[in-house]
Each structure stands twice: as structure tokens, then as C-alpha cells.
Amino acid sequence: MTPPPPDEEVTAPAPESTISREKEKLWVTPSRGMIAWPGTSLVFGRGFFRRFRKLGTRAWLFLGFLTIGMAIFLVGLAGTIGPFKEGLSDSGQPTTFHGAMAVGIVLILMALRMLQVALADTGRSELPPNKERKAPWTWDYPWSKDWMRPDYGEHVGDTLLGRVMFFAMVALANAAWLTGEGCIHAILVVLDLVALLVLYNTLHRAFQSVRFRTPVVIWEEIPVFPGNLLQGRIAFPRDLRAMGPTRLSLRCVRDEKVSEGGPANHQPCAIYQEIRKIPLPGEPGEPLDVLSFSFKVPGDMPGTNLVKNEPVYWQVVLSVPVSGPDLEAAFLAPIYQRNRA
């Protein structure tokens with residue numbers, strides 16, 4: 001798909017910039033290790049059994065966890081419906097079997113999510129070796145000068161399972177409301193507020209994907225070295241009508257380890273951000289076709305490295321106010337060190 005040429009390109013009028021070097025945690029952003037490597041198949045798709053065998057003894061751990069969850073779920077199901085219902089009803093209350101079903105479902109989702117993350121991490125070992133040490137952008141990411149979709153958008157299912165597991169755990173934890181303990185209620189209120197934030201983000205992204213066609217970015221130059229200009233333009237759907245100033249940000253993100261373990265134990269943190277508020281080129285409600293931008297990349301910041309244990313990467317983040325929820329998208333930016341060992 002090639003974006004249609006715009007009738008008139010809109011260049012951002014000299015906006016005011018706000019620069020921050022304070023570390024900021026990106027709570028609703030997945031770490032790079034929790035999503036599939038670009039250009040690879042879904043972790044539960046083609047090549048699943050090959051990657052599964054590479055897990056070794058960990059594969060039995062996931063299978064055991066999954067079996068326990070299924071066993072607990074089936075016991076709860078047998079006590080709720082089916083020919084064994086009457087016989088099992090004498091040994092427990094109906095709510096006991098309902099709770100067993102809920103616990104079983106959560107354990108199954110946890111096992112599947114842990115397996116998904118482990119398979120995604122295993123798939124990274126199958127990447128071709130780096131042949132051009134002085135040109136890491138030729139193997140670090142499948143860059144294109146034609147057009148590129150937003151980040152995180154290639155394999156939505158890789159992050160969807162994690163969110164479903166999170167919501168299931170929150171729903172199960174809310175059963176503790178029945179205990180009547182005040183301190184537990186306070187913890188659950190905080191947990192429910194976090195769940196509402198994640199739910200809003202999930203519904204927001206789903207609504208945007210249905211309402212708008214996906215915006216794309218066209219880079220003027222690949223790669224861009226620290227100290228130089230990052231230039232490009234974002235092509236929007238033809239029916240996009242901005243209702244106010246557009247917010248455009250350049251940020252450098254590093255996935256920092258928060259505990260020992262795999263890629264799921266990393267927290268994305270923005271270590272540099274330049275935020276711009278771009279005035280509308282015309283009146284509110286007029287169609288917005290293409291937005292050109294240019295950022296000065298600071299020379300003292302690291303370049304992209306997506307294959308090390310704590311990945312570093314750059315993003316151009318877009319937020320366009322429209323009627324209803326804002327249109328938001330994040331694009332990976334091709335910023336690399338000139339000579340990276």
C-alpha cells in the first residue's frame with residue numbers, strides 16, 4: 001500500500017519545543033522483548049514446535065503449569081454443569097466451583113503468556129548474524145524509505161494476550177472484596193484504577209483502528225546519526241480532521257531491567273523527550289493530509305540497539321485531537337550511532 005500523493009503538503013510552522021532529560025516510565029508501553037521480532041511469524045504460528053523444543057526443560061515447566069490450570073478449571077466445571085454436578089455438589093458450595101473455574105482460567109492465561117514471551121525471546125536467537133558492523137541499520141530493523149507503519153502494530157496478538165491475562169488477574173483479585181478487610185480494599189482500588197487505565201488504552205487503540213486508516217511515516221534519510229536532523233513526513237487518512245494543535249514528540253526509550261528473568265521483567269523508560277505543540281495550518285475541522293517534521297537529534301544520546309539485553313530505541317510519537325478520542329501513533333525512528341561495535 002502506497003499512500004496517495006497529497007494535494008498540498010502541510011509543513012509544521014515553527015512550534016515551541018519542550019525538552020526533558022528526566023527518566024519517565026512508560027507504563028502502558030510493552031517492552032521490546034514482549035513483542036515479536038519484525039518480519040517474523042506469530043510465536044504460536046509457523047515454527048512453533050521448533051521454538052518450543054529449544055526451550056528445553058522450561059517447556060516442561062510451562063506444560064506443567066498449563067496442566068494444573070486446566071485440571072483446576074475442569075474440576076470447577078464438573079461441579080457446575082454435567083453429569084458429575086450432583087455428586088460434587090455435596091462436597092462444596094457452588095461458589096467454590098465457580099472460584100475454581102476462575103483460578104483455572106487465570107493459571108492457563110498466565111502459562112500461555114509466559115510461554116509466549118519465552119518463545120518470542122527464543123525467536124530472537126534465530127535472527128541472521130550481523131554481517132555489517134558499520135551499518136547496523138541494515139540488520140537491526142527492516143527499515144524502508146517508502147513508508148512505514150506505526151510501531152507495535154505488526155503483531156497485535158502478541159500484546160493482546162498479556163492484557164487479557166492482566167484483566168483476568170484483576171477480576172480474580174476483586175473477589176477479595178468479600179473479605180471486608182480495609183487494607184485489602186485500598187490495594188484493590190489502586191489495582192482497579194491501573195486496570196481502568198489499561199482498559200482505556202486498549203479500547204482507544206481498537207477504536208482508532210476501526211475509525212481511521214493507519215497513518216504511515218516516510219523518512220527522508222536512513223539512518224540518521226546523533227547530532228544530525230531527523231526529517232520525515234506523516235501521511236494521514238483522507239478523512240482525518242484535526243480539531244486542535246497536533247502534538248509531536250521525539251523520544252529515546254530504554255528498556256530497563258526491574259527484576260531478574262526474561263524480557264517480561266523490563267520496564268520501558270523515556271530517557272530523552274522533545275515535545276512540540278504544532279498549530280493547525282488552517283481552521284479546525286479542515287482535512288489534514290501530510291505533516292512534515294524535523295527534529296535535531298542531540299549528539300550525546302545513544303543510538304538504536306534493539307538486540308541487546310536492555311534495548312535502546314527512538315520513537316516519533318503523534319497525537320492529533322479529533323472529535324472523540326485523539327488519534328495516537330508511535331513510529332520507530334532510524335537513529336543510530338555512526339560506528340557501533
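Hydrogens, waters and symmetry mates play no part in the numbers below; they use all other heavy atoms, side chains included. No experiment lies behind these values; they were computed from the predicted model shown.
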message: Please list all pairs meeting salt bridge (charged side-chain N to carboxylate O under 4.0 Å, His left out) that have one or both residues in residues 60-80, counting only residues at least two apart or in different chains.
response: none
query: Is T18 close to K277 at the side-chain level, that is, under 4.5 Å between some pair of heavy atoms?
result: no
- prompt: Side-chain contact, heavy-atom cut-off 4.5 Å: S292 with Q231?
  reply: no
message: If you define the side chain from C-beta out and look only at heavy atoms, does anything of V217 sit under 4.5 Å from W147?
response: no
task: Using a 4.5 Å cut-off on heavy atoms from C-beta on, say whether the side chain of I108 contacts that of M70.
output: yes
- line: side chain to side chain donor-acceptor pair (under 3.5 Å) filter on R247, not counting sequence neighbours, yields none
- prompt: Is a side-chain N or O of T304 found less than 3.5 angstrom from the main chain of I335, in a donor-acceptor match?
  reply: yes
message: Less than 3.5 Å apart, any donor N or O on the side chain of D255 or Q267 sitting next to an acceptor on the other?
response: no
field: Sub-4.5 Å side-chain heavy-atom contact between F65 and W60
entry: no
field: Stepwise side-chain contact (heavy atoms from CB on, under 4.5 Å) test for C252 and V312
entry: CA-CA 7 Å; C252 181; V312 176; 3.8 Å; yes
query: Within the distance-only criterion (no hydrogens, no angle test), does the side chain of Q337 pair as donor or acceptor with the backbone N or O of M301 below 3.5 angstrom?
result: yes
field: E310: side chain to side chain contact (heavy atoms under 4.5 Å, CB included) partners, not counting sequence neighbours
entry: K257, H266
- prompt: F236 and D289: side-chain contact (heavy atoms from CB on, under 4.5 Å), yes or no, with the steps?
  reply: CA-CA 5 Å; F236 297 98; D289 294 334; over 6 Å; no
- request: Over all heavy atoms of both residues, which pair between P223 and E221 is shortest? Give the atoms and the distance, please.
  value: O-CG, 3.6 Å
task: Could you list the residues that satisfy side chain to side chain donor-acceptor pair (under 3.5 Å) with Q273, not counting sequence neighbours?
output: E24
query: Taking a hydrophobic cluster as the set of Ile, Leu, Val, Met, Phe, Trp and Tyr residues connected by side-chain heavy atoms closer than 4.5 Å, whether directly or through intermediates, do I234 and L229 fall within one such cluster?
result: no
query: Where do F225 and Y336 come nearest, in terms of heavy atoms and distance?
result: CD2-O, 3.2 Å
message: Can you tell me how far apart CD1 (I19) and CZ (R276) are? Round to the nearest 0.5 Å.
response: 8.5 Å
- prompt: So, do L26 and V253 sit near enough that their side-chain heavy atoms are less than 4.5 Å apart?
  reply: yes
field: Minimum-distance pair of heavy atoms, taken over all atoms of I218 and A235
entry: CD1-CB, 4.2 Å
Partner set under ring-ring contact (aromatic ring centres under 6.0 Å, His included) for Y272, not counting sequence neighbours: W314
query: Residues in salt bridge (Lys or Arg N to Asp or Glu O under 4.0 Å) with K23, at least two apart?
result: E256
query: Going through the checks in order, is the side-chain contact (heavy atoms from CB on, under 4.5 Å) test met by D151 and F331?
result: CA-CA 5 Å; D151 196 13; F331 302 93; 6.0 Å; no
task: Please step through side-chain contact (heavy atoms from CB on, under 4.5 Å) for the pair V103 and F73, ending with a clear verdict.
output: CA-CA 7 Å; V103 171; F73 173 78; over 6 Å; no
field: Side-chain heavy-atom pair R233, L291 within 4.5 angstrom cut-off
entry: no
task: Please name the pair of heavy atoms, one in P245 and one in P279, separated by the smallest distance, quoted to 0.1 Å.
output: CB-CA, 4.3 Å
- line: With L248 as partner, the option from V320, L318, V317, I275 fulfilling side chain to side chain contact (heavy atoms under 4.5 Å, CB included) is L318
query: At what distance, to the nearest 0.5 angstrom, does CD1 of I72 lie from CG of L77?
result: 13.5 Å
message: Grouping I, L, V, M, F, W and Y whenever their side-chain heavy atoms are under 4.5 Å apart, do M110 and L61 come out in a common cluster?
response: no
- request: Could you grab the distance from atom OG of S20 to atom CD of E274, nearest 0.5 Å is fine?
  value: 11.0 Å
query: Heavy-atom distance under 4.5 Å between the side chains of P268 and Y313, does that happen here?
result: yes
- line: d(W143 CH2, W219 CH2) to nearest 0.5 Å is 7.0 Å
query: Is the number of heavy atoms from other residues, nucleotides or ligands under 6.0 Å of M101 CE greater than 12?
result: yes
message: To the nearest 0.5 Å, what is the distance between CD1 on I278 and OG on S319?
response: 11.0 Å
field: CD1-CG distance between I222 and L230, expressed to the nearest 0.5 angstrom
entry: 10.0 Å
task: Give the minimum heavy-atom separation between G69 and L107, together with the two atoms involved.
output: CA-CB, 3.8 Å
